[in-house]
Chemist: 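Dumping the structure here so I can ask a few things about it.
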Amino acid sequence: MTAAERYASAKEVFGKLGVDTDAALAKLKEVPVSMHCWQGDDVIGFDHDGPLTGGIQTTGNYPGKARTPEELLSDMDKAISLIPGKKKINVHACYAIFEEGEFADRDKLEPKHFKKWVEFAKERGMGLDFNPTFFSHDMIKDGQSLSSPDPEVRRFWIEHGKACIRISQYFAEETGIPCVMNIWTGDGFKDVPADRMGPRMRYKEAIEEILSEPYDRTKVKPCVESKVFGIGVESYTAGSAEFTLSFAAMHEGCLPLMDNGHYHPTEVVSDKIPALLCFFPEIALHVTRGVRWDSDHVLLLDDETKEIAKEIVRCDALGRVYIALDYFDASINRVSAWAVGMRSFLMMALCTPNEKLQKLQDESRFTELMAMQEAVKLLPFGDVWNYYCERCGVADDFSLFGEVKEYEDEVLSKRA
Ligand code: RNT
Ligand code: ZN
C-alpha cells in the first residue's frame, strides 16, 4: 500500500471518532516551532573561547560539530530539510556573526551583528526568536549576572538586555513575524544563601530596566524563564518559578516561559499550561526532555511530551503558546538530534478526538473515558504522519537516518 492509501484508511478510522485528519494536517503545517540554533555546536556560539557556564552542560564528543557560522547554518539547513511544517529560528546573543576583525562585547551588540541570521531566516520565510546570553562570559561574577550585588556587573548585563530588545525589534521588523525574546539567567548559589530576597529584588529591578527600553509590544514578546536549580547552583536560583511567574503576571506584555526541565521531577508542565492560560493571554514554552534531571535530552514522543502537545491543542491555544525547543546532545549526530526532536510532536494531539473525550469527562463517564483514552493510543497515527511527511516533501521516519548519514559522510566527517 502507498502512503496515500494508508492515509485514506486511517482518515476513515479517525473520521468515525469525529477527527478530520485533513484539517488536522492543514493546521499542523502552519504551527511554528522554534528551532534552537544552539543544538548545532553544544551551546558555545561565536563570541568567546571559554567554556559553557551558567549551570548548564552538554555531554558527549560526537565528531562534526559546527565551528563557524557557515557550518552552523549549513547544518541547520540540512536539519530543516528533514523537518516538515513551519519553523522559526531561535538565536542566542552569543551567536552574533562578526565581520573579519570585528568584535562587540555583549553590552554593545547591534542589529548589524545578526544580519546574517536575518538573511538566513528571510530567505526561508521564517521568523526569528532571540535570547540574551547571560552566561559563558567574564562579566559573570561569582555566578551572578542581573542579580549580582556588584552594580557594575548588573549594569553590563542590563545594557546587554537592552541591546537584545533592540535586536529583537529588528528581527520582527525584518521578518514581519513577532520575535519572542527570552530572559534566562543561571544566577544562584551552590549552598544555602544568607539572603534570598536581595538577589531577587536586584533581578526584578534589572529586568524592569531592560524592559524600559522602548519596543513595540506587538513585535517583541519578552519572556522570563524560571528554573529550580542548575549544576553548581543547587541550593537557590534567583529566577525561581514563583519569581518569574509573578514577574510576568505583574508586568503587562511580559510572558512566563516554562521549560519542562525546570521543575521538580513529579511536577508536569502539561498541567501548568491550562492553569496559566486561564490568566495570561500568551505564554511561551521550552520543550525539552529531562532524564532524571534537567538533562536536556533530545525531544522524543514520550508521554509528557505528548501530554504537553495535547494541552496546547485542547485549550485551543495554538495561537497563544509560543513553542520553542531547548535541548542539546553532543553525544550523537547533531543534525539528527535537531531533526528527530523537531519532527512535530503536535500531530498526535491534533488527531486526538478531544471533543469526544471531553464530553465523557463532563458527563462523568469516567470508566468509559479511561477505556477510550487507552484505545486512542493505538490509533493509526503513523499512517497520518507518513502521508504528511510525503506531502511536505521530507523523508519519512525510516529514511531520515540515511539522509543524515549521507550528510555526515560528505560534510561532517570532513571537519577535523
Ligand atoms: C537553561 C535554560 C535556557 C538555556 C538556553 C541555552 O537551563 O533552559 O533556556 O537552555 O538559553
Ligand atoms: Zn530553556
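What you see is a predicted model, and the numbers here were worked out from it, not measured in a lab. In each ligand, atom 1 is the first atom listed, and ligand 1 is the first ligand listed. Each residue takes its place number in the sequence, starting with 1.
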Chemist: May I ask you to list the atoms of ligand 1 that are less than 4.0 angstrom from any heavy atom of I56?
Modeler: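 Ligand 1 atoms under the 4.0 Å threshold to I56: 1 (C), 7 (O).
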Chemist: Would H262 count as a contact of ligand 1 if the rule is a heavy atom under 4.0 Å away?
Modeler: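 So H262 counts as touching ligand 1.
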Chemist: Considering non-hydrogen atoms of the protein only, which is the closest contact for atom 4 (C) of ligand 1, and what is the distance?
Modeler: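 Going atom by atom, the protein heavy atom closest to atom 4 (C) of ligand 1 ends up being D326 OD2, 3.5 Å.
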Chemist: Under 30°, 30 to 60°, or over 60°: which ring-plane class applies to F156 and H137, parallel, tilted or perpendicular?
Modeler: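 Tilted.
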Chemist: Below 2.8 Å, can you find an N, O or S atom of D296 next to the Zn ion (ligand 2)?
Modeler: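 Within the cut-off used here (under 2.8 Å), D296 places no N, O or S atom near the Zn ion (ligand 2).
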Chemist: Extract all donor-acceptor atom pairs below 3.5 Å that involve side chains of residues 52-63 and protein atoms in other chains or at least two apart in sequence.
Modeler:
from	atom 1	to	atom 2	distance (Å)
T53	OG1	S136	N	2.6
Y62	OH	E408	OE1	2.9
Y62	OH	E408	OE2	3.2

Chemist: Does the gap between the ring centers of F98 and F114 come in under 6.0 Å?
Modeler: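 Not under 6.0 Å, so no.
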Chemist: Which residue holds the protein heavy atom closest to atom 9 (O) of ligand 1, what is that atom called, and what is the gap in Å?
Modeler: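 Sorting protein heavy atoms by distance from atom 9 (O) of ligand 1 puts E225 OE1, 2.7 Å first.
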Chemist: Does the ring centre of Y327 sit less than 6.0 Å away from the ring centre of H286?
Modeler: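 No, the ring of H286 stays outside the 6.0 Å limit from the ring of Y327, centre to centre.
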Chemist: For the NZ atom on K306, are there more than 12 heavy atoms of other groups (residues, nucleotides or ligands in this structure) within a distance under 6.0 Å?
Modeler: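 Atom NZ in K306 is packed in, count exceeds 12.
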Chemist: Closest non-hydrogen protein atom to atom 5 (C) of ligand 1, residue and atom name please, with distance?
Modeler: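 In this structure, atom 5 (C) of ligand 1 has H92 NE2, 3.5 Å as its nearest protein heavy atom.
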Chemist: Taking only heavy atoms of D259, which atoms of ligand 1 are found under 4.0 Å from at least one of them?
Modeler: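 This gives 8 (O) as the contact atoms.
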Chemist: Judging by distance only, is a nitrogen or oxygen of D296 under 3.5 angstrom from one on ligand 1?
Modeler: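 No; every N/O pair is 3.5 Å or more apart.
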Chemist: I'd like to know if R343 pairs up with D397 as an ion pair, taking the criterion as any Lys NZ or Arg NE/NH1/NH2 lying under 4.0 Å from an Asp or Glu carboxylate oxygen.
Modeler: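 A salt bridge links R343 with D397.
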Chemist: Closest non-hydrogen protein atom to atom 7 (O) of ligand 1, residue and atom name please, with distance?
Modeler: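 The answer is K227 NZ, 2.7 Å.
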Chemist: Which atom, counting only N, O or S, brings D326 closest to the Zn ion (ligand 2)?
Modeler: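 Restricting D326 to its N, O and S atoms, the minimum distance to the Zn ion (ligand 2) goes to OD2.
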Chemist: How does H36 reach ligand 1, if at all, at less than 4.0 Å between non-hydrogen atoms: by side chain, backbone, both, or neither?
Modeler: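 Neither; no heavy atom under 4.0 Å.
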Chemist: As an exercise, identify every atom of ligand 1 less than 4.0 angstrom from a heavy atom of D294.
Modeler: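 So the answer, numbered in order with elements, is 7 (O).
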Chemist: Does any N or O in the side chain of S270 come within less than 3.5 Å of the main-chain N or O of E304, such that one atom is a donor and the other an acceptor?
Modeler: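 No; zero donor-acceptor contacts below 3.5 Å.
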Chemist: Looking only at N, O or S atoms, which one in D259 sits nearest to the Zn ion (ligand 2)?
Modeler: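 Per the distance ranking, D259 contributes OD2 as its closest N/O/S atom to the Zn ion (ligand 2).
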Chemist: For ligand 1, which atoms sit closer than 4.0 Å to a heavy atom of F328?
Modeler: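 Checking each atom against F328, I get 10 (O).
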Chemist: Could you check which N/O/S atom of E225 is closest to the Zn ion (ligand 2)?
Modeler: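 Of all N, O or S atoms belonging to E225, OE2 is the one nearest the Zn ion (ligand 2).
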Chemist: Taking the six-membered ring for Trp, are Y388 and W385 closer than 6.0 Å centroid to centroid?
Modeler: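 Centroid separation for Y388 and W385: below 6.0 Å.
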Chemist: Regarding H286, does it place an N, O or S atom less than 2.8 Å from the Zn ion (ligand 2)?
Modeler: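 For H286, the answer is yes, given that an N, O or S atom comes within less than 2.8 Å of the Zn ion (ligand 2).
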Chemist: Evaluate the side-chain contact (heavy atoms from CB on, under 4.5 Å) criterion for residues Y203 and F247: first the C-alpha distance (whole Å), next the side-chain angles of each, then the deciding distance (0.1 Å), finally the verdict.
Modeler: CA-CA 10 Å; Y203 195 14; F247 187 96; over 6 Å; no
Chemist: Sequence neighbours excluded and cut-off under 3.5 Å, please list the side-chain donor-acceptor pairs for residues 347-357, or say none.
Modeler:
from	atom 1	to	atom 2	distance (Å)
T352	OG1	M348	O	2.7
N354	ND2	A349	O	3.3
N354	ND2	T352	O	3.3

